[in-house]
Amino acid sequence: MRIIQVGVGGFGKSWRPALTTTPGVEVAALVDIDPDNLKEAAGFFGVPEKCCFASDSLPWERFEADAVVHSTPQNFRYAHIMRALGAGKDVLMVKPMSDRFETAVEMAGEAARLGRKLVVAQQMRWHPLILQLREWAQSGALGEIGYVHLDFFYSKEGYQGSYPQDYPLLVQGSIHHFDFLRWVLGSDARRVWAENFNPTWITGHGVRAAYAVFEMANGVRACYRSVPSQSDHHSWLCDWRIEGSKGLVESRDCRLYLNGEEALSCWEDGDSFNNRRLPQLQKVVMEQFMAYRSGGKEPGISGRNNLNSLAMSFGAIRAGETGQRQELG
Ligand SMILES: NC(=O)c1ccc[n+]([C@@H]2O[C@H](COP(=O)([O-])OP(=O)(O)OC[C@H]3O[C@@H](n4cnc5c(N)ncnc54)[C@H](O)[C@@H]3O)[C@@H](O)[C@H]2O)c1
């Protein structure tokens, strides 16, 4: 599979293990508007200068390749991906799928119309802590699930995202947590109400705190609390509480407790779950993408499926702005 990587610096760099160690993957061309990032990546991958595009207005999508790995900030996603799809490429993109819900819907529609494969890299689904929660929630170990609490604590400044935006937290950060909820519970969200705000010490642009309550299709209520915090504890995997008719699961600072007893809370080599090992998890995403391209069934991280997670972000925004509970389709 010949790949064009668009957006090679920043988070784009974390794709290198997946791009260089997955059998059958070859990085054929690179696109980046930052000349230093482009040069450094060209050196890393050994991509010749004639296959490097220093501006996204150049016709990079016509370069002979099978797929695009897209890792620029999300405000470029729609324009770039519509071009890539139109030029016959399949696409693996980082989250969030887009900076607007409507454009994400259009992208999924265009991929379906052209018969192209679109995947969103929600790699944290395969973190062992999240997989364990999913197993407990879906195996019946907890009985019938009644409610879920999940907390995301971030730095005192709050989550600002890759560029100035109105809702960096809900669109770029919380998308992971909303995707966790659907994945762990095996159910989509049907309704949301929310209060989005900034604590007084935050004066910059963008809303960085949210309290949102989701009603899932299976009736479970999920209460999401996401706040800037004085503590050093940044809970990207969330602190969880899942209560069922037969049991209770909690996680705090990446340690898991089933009915009060600590369960295995580290990687197989003893490393803390706090280490998220994203480049390792991205290999799983790459494998799913390749299987999908080779005729495998549509994965849970397809663009079409991911719209259900993105709808939770934009539904929570709308609920906060209107002061009214929102229905999620
Ligand atoms: N866990 C995760 O999945 C995770 C973590 C971090 C970031 N991300 C996502 O990665 C994306 C990028 O975030 P970042 O912080 O690395 O951003 P960034 O600003 O560092 O940009 C990444 C790269 O894209 C390049 N770029 C920017 N605009 C471009 C354009 N128009 N055309 C071509 N290249 C362009 C930049 O020069 C840079 O090399 C965001 O959408 C973010 O949500 C995902």
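For ligands, and for the atoms within them, numbers begin at 1 and follow the listed sequence.
In terms of protein heavy-atom proximity, atom 20 (O) of ligand 1 is closest to Gly10 CA, 3.6 Å. Protein heavy atom at the shortest distance from atom 24 (O) of ligand 1 is Gly7 CA, 3.4 Å. Scanning the protein heavy atoms around atom 36 (C) of ligand 1, the nearest turns out to be Asp32 OD1, 3.4 Å. With respect to atom 13 (O) of ligand 1, the closest heavy atom belonging to the protein is Ser162 OG, 3.1 Å.
You'll find the side chain of Phe197 stays beyond 4.5 Å of the side chain of Val207, heavy atoms only. Inter-residue side-chain proximity for Trp236 and His177 is flagged as met; some heavy-atom pair is nearer than 4.5 Å.
Counting heavy atoms closer than 4.0 Å to ligand 1, residue Lys95 contributes atoms from both its backbone and its side chain. Looking at Thr72 against ligand 1, both its backbone and its side chain come within 4.0 Å, counting heavy atoms. Contacts between Ile33 and ligand 1 below 4.0 angstrom, taking non-hydrogen atoms only, involve backbone and side chain alike. With a heavy-atom cut-off of 4.0 Å, His176 touches ligand 1 through its side chain alone. Both the backbone and the side chain of Phe11 come within 4.0 Å of ligand 1, judged by heavy-atom distances. Counting heavy atoms closer than 4.0 Å to ligand 1, residue Asp56 contributes side-chain atoms (C-beta onward) but none from N, CA, C or O. Both the backbone and the side chain of Gln74 come within 4.0 Å of ligand 1, judged by heavy-atom distances.
By the 30° and 60° cut-offs, the orientation of the rings of Phe153 relative to His233 is tilted.
Within ligand 1, counting atoms from 1 as listed, the ones closer than 4.0 Å to a heavy atom of Val94 are 9 (C), 10 (O), 11 (C), 41 (O). Close contacts of ligand 1 with Leu278, meaning ligand atoms under 4.0 Å from a residue heavy atom, involve 1 (N). With ligand atoms numbered from 1 in the order given, ligand 1 contributes 37 (O), 38 (C), 39 (O) to contacts under 4.0 Å with heavy atoms of Asn37.
Ligand 1 has no N or O atom lying under 3.5 Å from any N or O atom of Ala121, backbone or side chain. Between Gly9 and ligand 1, a contact under 3.5 Å exists for at least one N or O pair.
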Show, in sequence, the C-alpha distance, side-chain angles and deciding distance for Glu61 and Lys89, and conclude whether the salt bridge (Lys or Arg N to Asp or Glu O under 4.0 Å) test is met. CA-CA 8 Å; Glu61 73 274 23; Lys89 298 343 186 232; over 6 Å; no
Val91 and Lys117: CA distance, side-chain angles, deciding distance, side-chain contact (heavy atoms from CB on, under 4.5 Å) verdict: CA-CA 6 Å; Val91 177; Lys117 307 291 194 279; over 6 Å; no
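Aromatic ring centres of Phe178 and Phe180 lie farther apart than the 6.0 Å criterion allows. The aromatic ring centroids of Trp240 and Trp136 lie 6.0 Å or more from each other.
Tyr78 does not carry Arg100 over the face of its six-membered ring by the limits of under 6.0 Å from the centre and within 45° of the normal. Figure legend: Arg16 and Phe44 shown as a cation-pi pair, the cationic atom lying under 6.0 angstrom from the six-membered ring centre and within 45 degrees of its axis.
Using a 4.0 Å cutoff on heavy atoms, Arg77 counts as a contact of ligand 1.
Checking Ser229 against Lys156 by side-chain atom types alone, no donor-acceptor pair falls below 3.5 Å. In this model, no donor atom of one side chain and acceptor atom of the other lie less than 3.5 Å apart for Gln165 and Asp99.
Phe76 and Met82 are assigned to two separate hydrophobic clusters, defined by single-linkage of ILVMFWY side chains at heavy-atom distances under 4.5 Å.
Closest heavy-atom approach to atom 17 (O) of ligand 1 within the set Ser57, Ser71, Ala41, Pro73: this belongs to Pro73. Between His70, Gln123, Gln172, His80, it is Gln172 that holds the heavy atom closest to atom 42 (C) of ligand 1.
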